[in-house]
Amino acid sequence: MKKVLFCSAVFLSFLLESRISFFGIQPDLSAALAFYFGLRNGETKGMLFGSLVGLIGDGLSGGILGPNLLAKGLVGFFASFMSGSVFRWTPLLGLIGISVLTALAGLTVFLSRTFFEHPPTSASRAITIILISAVINSSIGLFVRPRDE
């Protein structure tokens, strides 16, 4: 049952990413999903799940394989440190954490594509997209909680 739920969540996140936009910018819901999984299940499972979600995202993007795999894996890994082992959990920490990790994921994807393929957009446009995606995902951070909270 749990596996079906997570498969559905991954499918739904990619579907919504392709259908929703704010100011012409699509949210990074797959980063939010990797954040949630890493927060709830620890660094190893979070990194593996984030990498799997990133691999699916790379496959759907039509570009090189790897940028999203690395970015979402990092989000899942670093989210696990926010579950109370290093920081005391508060909704504000969730808001800040998901914002920073979404920005990290966007920056990782942009830099990877710039170095190994070709720049997908200008640096100023990339920063705007990354920051708006982080702000969109920040609202999700208010509602997620670690497993032990």
Treat each ILVMFWY residue as a node, draw an edge where side-chain heavy atoms are under 4.5 Å apart, and state whether [X] and [Y] are in one component.
X	Y	result
I140	V135	no
I64	L107	yes
L60	L70	yes
L12	L5	no
V109	I129	no

Apply the test side-chain hydrogen bond (donor to acceptor under 3.5 Å, both in side chains) to residues S61 and R113: give CA-CA distance (whole Å), side-chain angles for both, the deciding distance (0.1 Å), then the verdict. CA-CA 12 Å; S61 72; R113 287 194 175 147; 3.3 Å; yes
Calculate, to the nearest 0.5 Å, the distance between atoms [atom1] and [atom2] belonging to [X] and [Y] respectively.
X	Y	atom1	atom2	value
I132	F22	CD1	CZ	10.5 Å
S138	L131	OG	CG	11.5 Å
I136	S99	CD1	OG	11.0 Å
L52	M47	CG	CE	12.5 Å
F143	Y36	CZ	OH	14.0 Å
T44	F49	OG1	CZ	15.0 Å

For the side chain of S18 and the backbone of L15, is there at least one donor-acceptor N/O pair under 3.5 Å apart?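 Yes, because the side chain of S18 sits within donor-acceptor range (under 3.5 Å) of the backbone of L15.
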What pair of heavy atoms forms the shortest contact from [X] to [Y], and how long is it?
X	Y	result
I98	N137	CG2-O, 3.3 Å
L101	M82	CD1-SD, 4.4 Å
G73	S51	CA-OG, 3.6 Å
A31	V75	O-CG1, 3.4 Å
L29	E17	N-OE2, 2.8 Å
T114	P119	OG1-CA, 3.9 Å

Using the rule given for side-chain contact (heavy atoms from CB on, under 4.5 Å), can you reason through R125 versus I130, listing the C-alpha separation, both sets of side-chain angles and the distance that settles it, and then say yes or no? CA-CA 9 Å; R125 176 80 175 142; I130 289 167; over 6 Å; no
Within the 4.5 Å heavy-atom criterion, are I25 and S133 side-chain neighbours or not?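 Yes - at least one pair of side-chain heavy atoms lies under 4.5 Å apart.
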List the steps, then state whether side-chain contact (heavy atoms from CB on, under 4.5 Å) holds for L65 with L69. CA-CA 7 Å; L65 293 178; L69 183 144; over 6 Å; no
Could you walk me through whether L39 and W89 pass side-chain contact (heavy atoms from CB on, under 4.5 Å), step by step? CA-CA 11 Å; L39 189 68; W89 182 259; 3.8 Å; yes
Could you check whether the rings of F78 and F81 sit parallel, tilted or perpendicular, using 30° and 60° as the cut-offs?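 Rings of F78 and F81: tilted, as their planes differ by 30° to 60°.
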Measure the acute angle between the ring planes of F37 and F6, then classify it against the limits of 30° and 60° as parallel, tilted or perpendicular.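 Ring orientation of F37 relative to F6: perpendicular.
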Would D28 and K72 pass as an ion pair if we require N to O under 4.0 Å?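 Yes, this pair counts.
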Any donor-acceptor pair under 3.5 Å linking the side-chain atoms of T90 with those of R145?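 Absent: no donor and acceptor within the cut-off.
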Just do the side-chain contact (heavy atoms from CB on, under 4.5 Å) check on L55 and N68 with the steps written out, would you? CA-CA 6 Å; L55 184 63; N68 282 301; over 6 Å; no
